[in-house]
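See structure below.
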Amino acid sequence: MDFYAHQERARAASRRLVGLFALALLAVVLAVDAAAVVGWALLGGGTRWPPYFFTTNTFVTLLIVFGGAWVELGRLRDGGAALARRLGARALDAAQPTQRRLRDIAEEVAIGAGVPVPALYVLDDESINALATGERPGVAAVMVTRGALERLGRAELQGVLAHEFAHIVSGDAALNTRLTAALYGLYSLRLAGFRLLTAAVSHDPPGPFGRWGLPRLVWMVAGLLLSAVGLLGVLAAQVLRAGISRQREYLADALAVQITRDRDGLGRALRRIAGEVAAPLRSHYTPLVSHFLLVQPAGLGGWLDTHPSLEQRIRRLYGRRMAPIKPAGAAGGPGGVVGRTGTAGAAAAAGAGDAIEGTAEAGGAQALAAARAPLLESLPFESEGPTTIDTALLGPQTVANVSSPASALIAQIRSASLGFETAGRWLVALVAGVPGDEPDATLRLSLHWLVSPAGASLRVPLLELLLARVRGWSAAHRRELLDRCRAAVERDGRVQAAEWIYYTLARHRLQPTVAHPARERRAAVSKAAQSRALAALFSMAAAIGQASARNTRDALADAAALLDVPPPAATPDEVGSVELGLALEALLALPPLRKPILLRVLQSLARTPGEPNFEAFVRAVAAAIDCPVPRSVVDLPDVRSDAPEPVY
């Protein structure tokens with residue numbers, strides 16, 4: 001995937017959204033003016049319309065549309081929880097095994113995608129579907145239907161979540177949030193018409209003009225006309241939605257395969273959906289968010305589809321036509337419904353069904369399954385029997401460490417009995433690189449191994465896993481944990497580069513930056529300040545990545561040009577932790593679409609691609625500037641074929 005081309009596509013989509021919205025709004029304004037002329041002809045008794053007639057109509061129309069869009073955008077910018085409430089979703093309940101499995105898989109996919117674990121919600125709906133929302137990774141949310149939890153195997157659910165995380169990584173979730181606000185604005189005309197019509201025909205006590213006096217007659221005619229014109233707004237909203245969403249689904253499918261290194265998980269989930277009887281997503285808010293969803297709900301199809309057909313998406317993933325997976329019956333079985341007991345046994349049955357069906361498929365799918373098997377590590381998980389953590393998602397360097405001493409620590413982090421004091425000891429050990437006096441000998445061995453060069457490739461994934469569990473605790477607990485880490489880092493009177501990296505990652509995961517003052521931050525930070533920040537950041541990157549002076553100078557010049565920042569004269573010889581923290585605060589003010597460019601240029605300074613310490617540095621910087629880690633094309637699985645339109 002060409003990163004810069006993808007960024008340009010994102011900008012083009014935003015420009016297209018603005019252009020389509022302007023055209024739709026123009027059509028709606030003209031329709032309102034035409035309807036107003038008809039209404040005046042019916043009620044005005046043949047008199048000419050008054051002065052400023054069209055100006056007033058246009059102003060009121062724009063007020064309704066822009067006011068509705070502004071109100072809805074304000075609601076959605078509060079984070080994914082706002083949309084979850086509108087849809088009737090509930091926060092994940094870790095006491096239920098199927099939802100705990102969702103949490104475990106989401107943590108793995110988040111680590112692989114380079115974003116913090118979003119808030120997780122479950123929609124009480126029998127269909128298989130999911131959606132991601134949020135203006136930025138720090139406030140993102142992912143919602144999954146109950147049907148997906150009950151009927152998808154582990155690899156399939158992993159593919160579905162990776163698709164939704166791909167929308168967060170690529171910025172689609174933020175674009176979809178703005179699109180939903182625009183759609184709500186266009187829908188507002190019809191809603192306003194319904195309200196006027198309801199007021200006109202209500203059975204409230206009549207006013208001085210009687211029940212059917214002139215005011216009520218005017219309200220009724222205005223409500224009818226506005227509702228009729230509102231249909232044009234609804235149609236314009238559907239055109240706007242269809243014009244933005246379709247190609248982005250292909251891109252999200254491609255990125256999901258890149259994150260999981262497995263096309264068959266998402267592919268089988270789509271095939272399973274294609275083999276079932278389509279069911280609508282039961283929510284009055286569904287028409288406004290259908291472009292968010294994994295697949296378009298039943299009843300919203302037609303020539304204004306927001307998604308490509310399932311057949312097209314499956315063909316692009318596999319390079320050939322693949323048959324849908326038909327359910328074998330309500331009792332379960334290969335490819336069938338696994339039941340509604342909500343137990344880990346049901347999830348295991350789904351996985352067994354996947355394995356049986358996989359033997360009947362063509363050689364390509366079998367080869368992928370065989371290649372994937374060594375990447376799975378069985379770990380004890382409470383009292384429910386074995387579960388699996390897909391170490392392929394934790395980074396390419398972890399493949400050689402499948403049987404690492406970290407297994408015991410992973411199992412304990414994932415247990416329900418993780419306490420504050422225990423989490424504090426482990427967090428200090430992973431951040432400061434000082435294991436301390438862990439009472440349990442096995443866990444002490446795990447921590448010593450993780451902070452050694454042998455375990456460097458798993459240190460960040462394990463830290464991310466621990467932070468994901470701690471992130472849901474109270475603000476006071478999170479602050480106390482960070483204070484302990486800071487005290488351990490500063491104990492010797494100086495902050496080493498590795499200590500700064502892991503502490504910065506922990507701090508920004510546990511205390512994410514508030515989104516609301518972003519515009520004020522951009523206005524307050526000058527280009528000169530960002531230039532100095534680039535110099536400090538690249539000095540640190542060069543030291544960690546062991547880059548030559550020439551490569552550092554060239555990369556810094558490229559970054560300054562791409563970010564439209566004055567090129568720094570030189571990089572400082574040494575950079576302190578305070579100076580580097582101020583630099584990241586300045587770079588946080590960069591426009592969202594330019595932040596991935598900065599990270600991509602930083603990645604080029606690594607002498608050895610994939611080197612654990614440098615990868616940790618890039619991830620810490622990404623967390624500090626609230627941006628996903630750009631993914632590399634190096635580890636893409638080869639799923640190309642002779643299909644007329646390849647996936648990537």
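The figures that follow rest on heavy atoms only: side chains count, while hydrogens, waters and symmetry mates do not. All of these numbers come straight from a predicted model, not from anything done at the bench.
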Fill in: Value rounded to 0.5 Å, distance of CZ in Arg425 from CG in Leu447
9.0 Å
Discussion item. Would the distance check show the side chain of Glu164 and the main-chain N or O of Ala132 forming a donor-acceptor pair, the cut-off being under 3.5 Å?
Written reply: yes
Worksheet entry | Test item: Tyr121 and Val142 side chains (from C-beta on) under 4.5 Å apart, heavy atoms | no
Worksheet item: Could you state the interatomic distance from CE (Met143) to CG (Leu92), rounded to the nearest 0.5 Å?
Response: 12.5 Å
Item to complete: Please examine the side chains of Arg469 and Ile413, heavy atoms only from C-beta on, and report whether any two atoms are closer than 4.5 Å.
Response: yes
Item to complete: Using modelled atom types only, decide if a donor and an acceptor are shared between the side chain of Asp440 and the backbone of Leu443 within a distance under 3.5 Å.
Response: yes
Discussion item. Could you check whether any side-chain heavy atom of Asp253 comes within less than 4.5 Å of a side-chain heavy atom of Val257, counting everything from C-beta outward?
Written reply: no
Fill in: Option among Glu107, Arg619, Glu108 that satisfies the side chain to side chain contact (heavy atoms under 4.5 Å, CB included) test with Glu464
Arg619
Discussion item. Measuring only between side-chain heavy atoms, which start at C-beta, is Pro118 closer than 4.5 Å to Phe165?
Written reply: yes
Worksheet item: Judged by atom type as modelled, is there a donor-acceptor pair below 3.5 Å linking the side chain of Ser526 to the main-chain atoms of Ala529?
Response: yes
Discussion item. Is it the case that the side chains of Trp426 and Glu438 hold a donor-acceptor pair, with the cut-off being a distance below 3.5 Å and no angle test?
Written reply: yes
Worksheet item: Can you tell if the side chain of Ile544 reaches within under 4.5 Å of the side chain of Leu605, non-hydrogen atoms only?
Response: no
Worksheet item: Where the side chain of Arg459 meets the backbone of Leu430, is there a donor-acceptor pair that is under 3.5 Å apart?
Response: yes
Discussion item. When you compare the side chain of Leu458 with that of Trp449, does any pair of heavy atoms fall below 4.5 Å?
Written reply: yes
Worksheet entry | Pairs where residues 479-499 contributes a residue and the test ring-ring contact (aromatic ring centres under 6.0 Å, His included) is met, not counting sequence neighbours | none
Worksheet entry | Under 3.5 Å: donor-acceptor pair, side chain of Ser539, backbone of Ala536 | no
Item to complete: Say whether, by atom type as modelled, one donor and one acceptor occur between the side chain of Thr504 and the main chain of Trp500 under 3.5 angstrom.
Response: yes
Worksheet entry | Sidechain-backbone polar pair: Gln496 side chain, Ala498 backbone, donor-acceptor under 3.5 Å | no
Worksheet entry | Of all pairs that satisfy ring-ring contact (aromatic ring centres under 6.0 Å, His included), the ones with a partner from residues 601-624, not counting sequence neighbours | Phe614-Phe617
Practice prompt. Examine distances only and state if a side-chain atom of Arg607 and a backbone atom of Gln546 form a donor-acceptor pair shorter than 3.5 Å.
Written response: yes
Discussion item. Pairing donors with acceptors under 3.5 angstrom, does anything connect the side chains of His163 and Glu249?
Written reply: yes
Worksheet item: Ion pair present between Arg491 and Glu499, side-chain N to carboxylate O less than 4.0 angstrom?
Response: no
Worksheet, complete the sentence: The side chain to side chain donor-acceptor pair (under 3.5 Å) partner of Glu480 among Arg478, Arg484, His477 is Arg484
Worksheet item: Is it the case that more than 12 heavy atoms not belonging to Asp492 sit under 6.0 Å from its CG atom?
Response: yes
Worksheet item: Salt bridge check: are Asp262 and Arg154 linked by an N-O gap of less than 4.0 Å?
Response: no
What side-chain donor-acceptor pairs closer than 3.5 Å can you find for residues 552-566, not counting sequence neighbours?
unit_1: Thr552; atom_1: OG1; unit_2: Ser548; atom_2: O; d: 2.8

Discussion item. Would you say that Arg471 contacts Pro116 through its side chain, given a criterion of any heavy-atom pair below 4.5 Å between the two side chains?
Written reply: yes
Worksheet item: Can you list the steps and then say if Asp626 with Arg509 is a salt bridge (Lys or Arg N to Asp or Glu O under 4.0 Å)?
Response: CA-CA 10 Å; Asp626 196 16; Arg509 287 287 189 254; over 6 Å; no
Worksheet item: Does CZ belonging to Arg486 count more than 12 external heavy atoms closer than 6.0 Å?
Response: no
Discussion item. Once rounded to the nearest 0.5 Å, what's the spacing between atom CG of Leu534 and atom CZ of Arg532?
Written reply: 11.5 Å
Worksheet item: Judged by atom type as modelled, is there a donor-acceptor pair below 3.5 Å linking the side chain of Thr260 to the main-chain atoms of Ala256?
Response: yes
